[in-house]
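Data block below; observations after.
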Amino acid sequence: MKVNILDAKNQLSRLVKAAQAGEEVIIANRGEPVARLIAIRTPAANDLAPGSGAALLGWLGCNPVPEHLRRTHPEISTDIEAERTSWD
């Protein structure tokens, strides 16, 4: 996100929250980038909104599916089709 200095002054709280969420905030003077606002630390998995895609990916990164439970796309599709046909 790129904002001019006046907008940055008026929206500092929103820009800080955006930086904390991992977004890059560039502050410009007359359209010329002069500063970058970054968070001191990146958001931890528990700082993310519960149920968000980022929270889910963070959880999966820390808790991978065991190898014996992993299935390929064709295997999943075959299982779904078999389940659907069993309903008839």
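Starting from 1, each residue takes its place in the sequence as its number.
Closest non-hydrogen pair, Ala19 versus Leu37, comes out as CB-O, 3.9 Å. For Gly31 against Asn4, the heavy-atom pair with the smallest separation is N-OD1, 3.5 Å.
Of the possible polar contacts, one joining the Glu75 side chain to the Thr72 backbone as a donor-acceptor pair under 3.5 Å is found. Here the side chain of Lys17 pairs no donor or acceptor atom with the backbone of Leu12 at under 3.5 angstrom. Between the side chain of Asn63 and the main chain of Trp59, a donor-acceptor pair closer than 3.5 Å is present.
Note: Leu15 CG to Asp7 CG = 8.5 Å, rounded to the nearest 0.5 Å.
In the hydrophobic cluster analysis, where Ile, Leu, Val, Met, Phe, Trp and Tyr join through side-chain heavy atoms closer than 4.5 angstrom, Val34 is grouped apart from Val3. Ile38 and Ile26 end up in different hydrophobic clusters when Ile, Leu, Val, Met, Phe, Trp and Tyr side chains are linked at under 4.5 Å.
Side-chain contact between Arg36 and Glu24 is present, with at least one heavy-atom pair separated by less than 4.5 Å. Gln20 has its side chain out of reach of Ile40: every pair of non-hydrogen atoms, C-beta onward, lies at least 4.5 Å apart.
By the 6.0 Å contact criterion, CZ on Arg70 is enclosed, its count of non-hydrogen atoms from other residues, nucleotides or ligands being greater than 12.
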Problem - Working for side chain to side chain contact (heavy atoms under 4.5 Å, CB included), residues Arg71 and Asp79 - result: CA-CA 10 Å; Arg71 297 185 293 166; Asp79 289 346; 2.4 Å; yes
